[in-house]
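Bear in mind that the values here come from a model prediction, so they are computed numbers and not experimental data. Residue numbers start from 1 in every chain, and the chains themselves are labelled A, B, ... in the order their sequence lines are given, proteins ahead of strands.
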There are 2 protein chains.
Amino acid sequence: MSPRPGDRRAVRREATRAEIVSAAWVLVREKGLAGLSLRELGARVGMRAQSLYSYFDSKDAIYDAMFRQGVEEQLAWMAAGPNADDDAADPIGSITAHLQRFFRFCTADPVRYQLLFQRTIPGFEPSAESYALAVEVLEQLHHRLRALGISDPAASDLFTAVATGLVSQQISNDPGGDRWERLIGRAVHMLVTELAPHLLAPEGRRQRRSSR
Amino acid sequence: MSPRPGDRRAVRREATRAEIVSAAWVLVREKGLAGLSLRELGARVGMRAQSLYSYFDSKDAIYDAMFRQGVEEQLAWMAAGPNADDDAADPIGSITAHLQRFFRFCTADPVRYQLLFQRTIPGFEPSAESYALAVEVLEQLHHRLRALGISDPAASDLFTAVATGLVSQQISNDPGGDRWERLIGRAVHMLVTELAPHLLAPEGRRQRRSSR
DNA sequence: GTCTATAATCTGATAGAC
DNA sequence: GTCTATCAGATTATAGAC
């Protein structure tokens, strides 16, 4: 993937774009998602605000690049966890680890969570391209649940509701703590009992949940 | 509660404050929660922005009045639903109706939900007085769950996580629709099975859930 | 590609006249 | 209690020189 000589300009350009987006994340973590200002952002990368327009068409285009990067981070982060093949051996343990991983991804950067999962910036909507990437994350969840014998589409809606509910309560009401994170084990047990009771060990010698 | 003559000034003042807060809600529903501007708000009530300072010390004081009003609306709205006494006769039906009612309250006004349940305005934190009111809502839930034999504090955390999860998914991913609202019945069944299985009819002649 | 200059407008907040 | 006047900035975005 080393650049041909003629691509050097394009490579530099992409590097600068990445630098801008990276500085935008830092800024937004300090001032809140809505607190992103081009003046301040330009200053952080040693530019006037106006020069940013050489790299992005508008402020929303910067939000979109951030959104896209956030989703890509999520894809990479989730891919690094236990994969669908592990599910067969220990379905409940795998699902718990999966939800745990998602939870950590979200709470590690609340502003990113706000951008990716809540509609809170008035004008902004992700581009079709970025949105398609976000849909891919969901498709992976669907695929995974289907492999466990859960094909009801409502099941994954219930799953995502519980997941985002735990996360948003954690972020809003106990930032930095683990009051809702500790409930992940019970939440998974609850979801599995409702959606896929066949995964539970038979009554009498009931399986101990792996985490709570 | 009719005012004594000497109170007339105070009454007028309260009326104007209420008018301002009401106009603020309208404005915020149009421009987003962060889009509240004093200039525009003043114009809506026929004042210059500066005159608003006769009624509120700061912009945040207006947010706080809105927060307080929102919580009061929630208290009134939830109080108008089935009360704790009804729970004894049909616990699952009552809990379902309760959650349904909460869901409707939240989705009826997403901006209000954002102000009450998410931390999205950078500087703003509700005053101790307003926050105490918000705590009262939670205490009522605790009391109610305790009456059903659910005394584990983690149980109500799980309950609120599921409730807000359903709401936030509905608002973010299917605004105006009912994709997650339809899951309330299953969500309650799932919660009850996990937290209070003694409320379920015995196996074999299993109770039909009241809503899905 | 970055700059200066500037458009055109908005922001929350204060002082003091009336 | 409402006004004018003003502070002391902020905002996104465009035009055009270099």
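A/Glu40 has its CD atom 11 Å from the P atom of D/dT12, to the nearest Å. In this structure, CE of B/Met47 is placed 16 Å from C1' of D/dT4, rounded to the nearest angstrom. Atom P of nucleotide D/dA10 and atom CG of A/Leu41 are separated by 15 Å, given to the nearest angstrom.
Checking each of B/Lys31, B/Lys59, B/Glu30 against B/Leu36 for a side chain to side chain contact (heavy atoms under 4.5 Å, CB included) leaves exactly one that passes, namely B/Lys59.
One finds no salt bridge joining A/Arg119 and A/Glu125 here, because no Lys/Arg side-chain nitrogen approaches an Asp/Glu carboxylate oxygen to under 4.0 Å. Between B/Arg186 and A/Asp152 a salt bridge is recorded (basic side-chain N to carboxylate O distance below 4.0 Å).
First and last contacting nucleotides of DNA chain C toward chain B (any atom under 4.0 angstrom from a heavy atom, 5' to 3' order): C/dT11 to C/dT14.
Between A/Tyr63 and A/Phe124, the two ring planes are tilted [angle within 30° to 60°].
Of all the residues in residues 12-38 of chain B, B/Leu36, B/Ser37, B/Leu38 reach under 4.0 Å from DNA chain C with at least one non-hydrogen atom.
Listed for the A/Asp86 side chain is no donor-acceptor partner under 3.5 Å among the backbone atoms of A/Asp90. The backbone N or O of B/Tyr55 lies less than 3.5 Å from a partner atom in the side chain of B/Arg17, making a donor-acceptor pair.
Using a 4.0 Å heavy-atom distance criterion, A/Tyr53 is classed as a base contact.
A sub-4.0 Å separation between OP1 or OP2 of D/dT12 and a side-chain N or O of A/Arg39 is absent.
The neighbour count for B/Glu72 CD, taken as heavy atoms of other residues, nucleotides or ligands under 6.0 Å away, is above 12. Other residues, nucleotides and ligands place more than 12 heavy atoms under 6.0 Å from the CZ atom of B/Arg29.
Projected onto DNA chain C by closest heavy-atom contact, A/Gln50 and A/Ser54 fall at different nucleotides, the more 5' of which corresponds to A/Ser54.
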